[in-house]
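Here's the structure we're looking at; comments come further down.
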Amino acid sequence: MHVRAVAVTTTALLGVALTAPLSHARADEAAGDGPVVVAHRGASGYAPENTLAAVDRAAELGFRWVENDVQRTRDGELVVVHDESLARTTDVEEVFPDRSPWKVKDFTAAEIARLDAGSWFGPEYAGARVPTLEQYVHRVEHNHQKLLLELKSPGLYPGIERQTLKVLANEGWLDRRHVAGRLVVQSFDADSIRTVHDLKPAVKTGFLGTPAVSELPAYAEFADQINPSYSSLSMSYVSSVHAFEGPHGRPLEVLTWTVNDADTARRVAGYDVDGIITNKPDVVRDAVD
């Protein structure tokens, strides 16, 4: 068994992070020897993604790890939302019909706070809001959850790495207990993850993608996890990743995404992945248990 991210009790918001040996997280979730199951954008198969309701639904289902996406508003507030545009998951086209293409970066925090981020998913979620990062981590903490936080499109938001770390520090998420087992920061942007590592070496980091095996030594200098799409995975690739040690002296971990059916969950679990990121965490848990 490879060293995996430690699971320590925290509260839940709309994001989850893996920062301690995953074997401990598995024990916390009574998941046996299977991979850690991470609720993608919260339990987004059952509640509107990246909302506090999705974090709460993950908690109700018994999941400690949640994943979220962080972007920045025009006036500098960090908010939890996946798409660069607000159009898919809010009523922004109705509230601000003349502001196409409705980019997150073009709206103030107060304007985004007016938007309904739940009705698109179902009438029972009408009035759900796009949470700020502070609101999100408060909820995660309240729910005793852990956070896998993605910096979304960091090239659009210069300095978002330092700003995100500042918010996390202000909210108590950079103390020893959190960084030891409750927080991972990830991105598709390798330079962004390297920046997070340089700014706060204690924080566990993950790269979203499938680097060539020949490139893994370079990634191992600043990333603790290599987190690829399940469609790009093979047993040999996972084994190759595990052969390298990350910046904290432990074997690199592999968390794969986004797996929503039992057959795929069993297949990737057979590759010895450390975690599975999913919109339907209960389906994956039942499959791999």
Side-chain angles (χ1 to χ4, degrees), residues 1-10 15-29 31 33 35-38 64-68 70 137 140 145-151 154 161-162 164-169 171-211 213-228 237-257 271-277:
M1 180 177 293
H2 299 280
V3 178
R4 309 175 196 266
V6 166
V8 180
T9 305
T10 66
V16 167
L18 305 169
T19 60
L22 293 183
S23 55
H24 295 268
R26 292 173 180 178
D28 283 353
E29 296 174 4
D33 289 328
V36 166
V37 178
V38 180
R64 298 226 177 154
W65 288 105
V66 292
E67 185 266 357
N68 73 341
V70 175
V137 295
V140 173
Q145 290 168 304
K146 303 157 190 158
L147 180 61
L148 177 59
L149 183 155
E150 180 181 344
L151 297 174
E161 299 86 2
R162 185 181 297 275
T164 299
L165 291 172
K166 182 178 180 181
V167 170
L168 291 172
E171 301 304 319
W173 272 76
L174 294 187
D175 63 11
R176 181 176 300 179
R177 183 167 62 97
H178 286 82
V179 299
R182 298 176 62 185
L183 177 67
V184 173
V185 178
Q186 66 174 357
S187 180
F188 285 97
D189 188 314
D191 289 338
S192 183
I193 289 307
R194 186 189 295 274
T195 297
V196 171
H197 174 71
D198 290 344
L199 289 171
K200 193 68 176 178
V203 171
K204 203 171 173 184
T205 55
F207 174 71
L208 284 160
T210 314
V213 172
S214 62
E215 298 174 345
L216 290 175
Y219 283 88
E221 294 178 2
F222 59 88
D224 299 275
Q225 298 175 353
I226 301 296
N227 299 340
Y237 185 78
V238 174
S239 179
S240 295
V241 174
H242 283 160
F244 292 93
E245 286 191 352
H248 293 100
R250 295 172 176 169
L252 293 181
E253 299 165 357
V254 177
L255 277 65
T256 189
W257 48 273
Y271 295 162
D272 196 28
V273 298
D274 301 277
I276 298 175
I277 302 170

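Each residue takes its place number in the sequence, starting with 1.
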Would you say that [X] contacts [Y] through its side chain, given a criterion of any heavy-atom pair below 4.5 Å between the two side chains?
X	Y	value
F244	P251	no
L151	L149	yes
P211	Y219	yes
I276	V38	no
L216	I226	yes
V203	L174	yes

What's the shortest heavy-atom distance between [X] and [Y], and which atoms?
X	Y	value
I193	S187	CD1-N, 3.4 Å
E253	D274	CA-OD2, 3.2 Å
A223	L252	O-CD2, 3.0 Å
V238	D272	CG1-O, 3.7 Å
V213	P217	O-CD, 3.7 Å

What's the separation between atom [atom1] in [X] and atom [atom2] in [Y], rounded to the nearest 0.5 Å?
X	Y	atom1	atom2	answer
K204	Q225	NZ	CD	5.0 Å
E67	L255	CD	CG	10.5 Å
D198	E221	CG	CD	10.0 Å

- Query: For V254, which of S239, P35, P228 qualifies under side-chain contact (heavy atoms from CB on, under 4.5 Å)?
  - Reply: P228

Is a side-chain donor or acceptor of [X] paired with a backbone partner of [Y] at a separation under 3.5 angstrom?
X	Y	value
H178	A169	no
N227	F207	no
T205	Q186	no
S192	E161	no

- Task: Apply the test side-chain hydrogen bond (donor to acceptor under 3.5 Å, both in side chains) to residues D224 and H197: give CA-CA distance (whole Å), side-chain angles for both, the deciding distance (0.1 Å), then the verdict.
- Result: CA-CA 10 Å; D224 299 275; H197 174 71; 5.7 Å; no

- Task: With side-chain contact (heavy atoms from CB on, under 4.5 Å) as the test, would you mind laying out the steps for T256 and I277 before giving the verdict?
- Result: CA-CA 6 Å; T256 189; I277 302 170; over 6 Å; no

- Query: Using 30° and 60° as the class limits, which term best fits the ring planes of W257 and F188: parallel, tilted or perpendicular?
  - Reply: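 Geometry flag for F188 against W257: perpendicular rings.
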
- Task: Show the numbers, then the answer: is there a side-chain contact (heavy atoms from CB on, under 4.5 Å) between E150 and N68?
- Result: CA-CA 6 Å; E150 180 181 344; N68 73 341; 5.7 Å; no

